[in-house]
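Below is one structure, written out as structure tokens, with a few remarks after it.
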Amino acid sequence: MEPWIAATLAAAFFQSIRFALQKRLTAPAPGGAGLSATGATWARFLWLAPPLGLALALWFAATGTALPALSARFWTFALAGGVAQILATVCVVALFRFRAFAVGLTFKKSEVLQTAALGWLILGDAVSGPALAALAAGFGGLAILSAPPAGAARGQAARATALGLASGAFFAGAGVGYRGAVLEIDGPVALQAAVALAIVTAAQTALMAAWFLWRDRAQARAVLAAWRPGLAVGLTSLAGSLGWFAAFAQANAAYVFALGQVELLFGLILGRVWFGERPSARELGGMALLVASLVALVAVV
């Protein structure tokens, strides 16, 4: 198994758990912490950045390794990707209020269909003709998923669809930004991933802290009070993010996200076991079509 494949599979596994934990953070008490989508997003970065920063500092001290030089291009990619990821996470956590957990993850997977074009435009990562055909087939699955469930208000369904597609677009931007950032760092893959992730998460934590101090101090206090489940979110996010960054350092971001569709299977299991959800036959059909397009993409790259 190629290293980027193993890194992607691990990342998808831990990310699906992290999203399930974030969904619980937004659930009302006593079952959840009652955080907003923005609060649950900040909890992820807040409890990820300190342990990662400390571990990286100790590693530098123990090995005597110097921090790699970071170019202006690195900072541009890293910060753009970090902001895009904040917006993407807010969208996908908010989506869980409208659609089932597994369906929400499927909408998020539109990132694969958008990353190919964005990666080609910004990084020059080429996608073959058969791969483009597989991506186009995936839009059929998204079209099926975008139809409102029985009994749902039209406005609510439209909002859920918009949130899902927006999350995919922002995650696509984050993936391309992170791939661009890690490629600007000299050194082994582990060092590239750890340095880029530490800098991005520190920036994300600071940006969101400033926003909460400006607009919603009560929510900031709620996030700090929910430190136990927040720490679980942070640790699973750390494991998943290291996997994504390591994969981005070795392969086209579109291909990484395509293989990451295995997250949908984890989402189905978690949605059934943790939340008692049963996707409808139509939703299962839409997910199956989208997954088939992504599997085809992996087969032709």
Side-chain angles (χ1 to χ4, degrees), residues 6-27 32-33 35-56 78-79 81-96 101 104-105 108-109 111 167-168 170-171 173-175 177-179 181-182 190 192-209 212 220 222-224 226-249 253 256-257 260 262-263 266-267 270 274:
T8 301
L9 293 176
F13 173 73
F14 285 109
Q15 180 165 281
S16 62
I17 295 176
R18 188 255 296 174
F19 274 130
L21 292 171
Q22 283 184 299
K23 179 170 182 175
R24 287 200 173 235
L25 281 178
T26 62
L35 300 182
S36 67
T38 309
T41 299
W42 188 45
R44 177 219 173 159
F45 303 125
L46 177 65
W47 302 114
L48 184 160
L52 175 59
L54 177 60
L56 191 59
L79 294 179
V83 171
Q85 188 180 33
I86 290 174
L87 297 174
T89 306
V90 170
C91 287
V92 78
V93 173
L95 174 64
F96 292 149
F101 180 67
L105 289 182
K108 173 193 164 296
K109 283 301 170 187
E111 67 195 359
S167 73
F170 286 128
F171 271 118
Y178 292 158
R179 174 161 167 76
V182 296
Q192 289 176 308
V195 170
L197 179 59
I199 291 173
V200 167
T201 54
Q204 289 169 322
T205 301
L207 284 172
M208 295 199 73
F212 279 117
V223 172
L224 293 173
W227 67 270
R228 288 184 179 86
L231 185 58
V233 168
L235 292 176
T236 53
S237 179
L238 173 59
S241 295
L242 285 173
W244 290 124
F245 274 72
F248 290 145
V256 171
F257 279 147
V262 71
E263 179 186 352
F266 299 141
L270 291 173
W274 283 14

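Numbers here are sequence positions counted from 1.
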Exercise. Which atom names give the shortest non-hydrogen contact between Gly82 and Val200, and what distance separates them?
Worked result: CA-CG1, 3.9 Å
Seminar exercise, completed: Heavy-atom nearest pair, Gly230 first then Leu25, reads N-CD2, 4.4 Å
Exercise. Do the non-hydrogen side-chain atoms of Phe266 and Gln15 ever get within less than 4.5 Å of each other?
Worked result: no
Seminar exercise, completed: Nearest heavy-atom contact between Ala198 and Leu56 is CB-CD2, 3.7 Å
Exercise. Any side-chain heavy-atom pair from Thr89 and Arg18 closer than 4.5 angstrom?
Worked result: yes
Exercise. Hey, is the main chain of Thr8 close enough, under 3.5 Å, to the side chain of Trp244 for a donor-acceptor pair?
Worked result: no
Exercise. Taking everything shown except Phe212 itself, do over 12 heavy atoms lie less than 6.0 Å from its CZ?
Worked result: yes
Exercise. What heavy-atom pair brings Gly173 and Ala84 nearest, and what distance separates the two atoms?
Worked result: C-CB, 4.2 Å
Seminar exercise, completed: Value for CG (Leu21) from OG1 (Thr26), rounded to nearest 0.5 Å, stands at 11.0 Å
For this session: For residues Phe14 and Leu242, determine if any side-chain heavy atom of one lies less than 4.5 Å from a side-chain heavy atom of the other.
Result: no
Problem set entry | Min side-chain heavy-atom separation Arg44-Thr201 under 4.5 Å | no
Exercise. Aromatic rings Tyr178 and Phe248: how do their planes relate, parallel, tilted or perpendicular, breaks at 30° and 60°?
Worked result: tilted
For this session: Take Phe45 and Ile86 through the side-chain contact (heavy atoms from CB on, under 4.5 Å) test and state the conclusion after the steps.
Result: CA-CA 9 Å; Phe45 303 125; Ile86 290 174; 3.6 Å; yes
Exercise. Is there a donor-acceptor pair under 3.5 Å between the side chain of Gln85 and the backbone N or O of Ala174?
Worked result: no
Problem set entry | Side chain to side chain, Leu224 and Leu46, heavy atoms closer than 4.5 Å | yes
Exercise. Would you say Leu197 and Leu238 make side-chain contact, with heavy atoms under 4.5 Å?
Worked result: yes
For this session: Would you mind reporting whether Gln204 and Met208 have side-chain heavy atoms less than 4.5 Å apart?
Result: no
Problem set entry | Closest approach of Ala37 to Ala94 (non-hydrogen atoms, all atoms of both residues) | CB-N, 3.8 Å
For this session: Heavy atoms only: give me the nearest Leu48-Ser237 pair and the separation to one decimal.
Result: CD1-OG, 2.9 Å
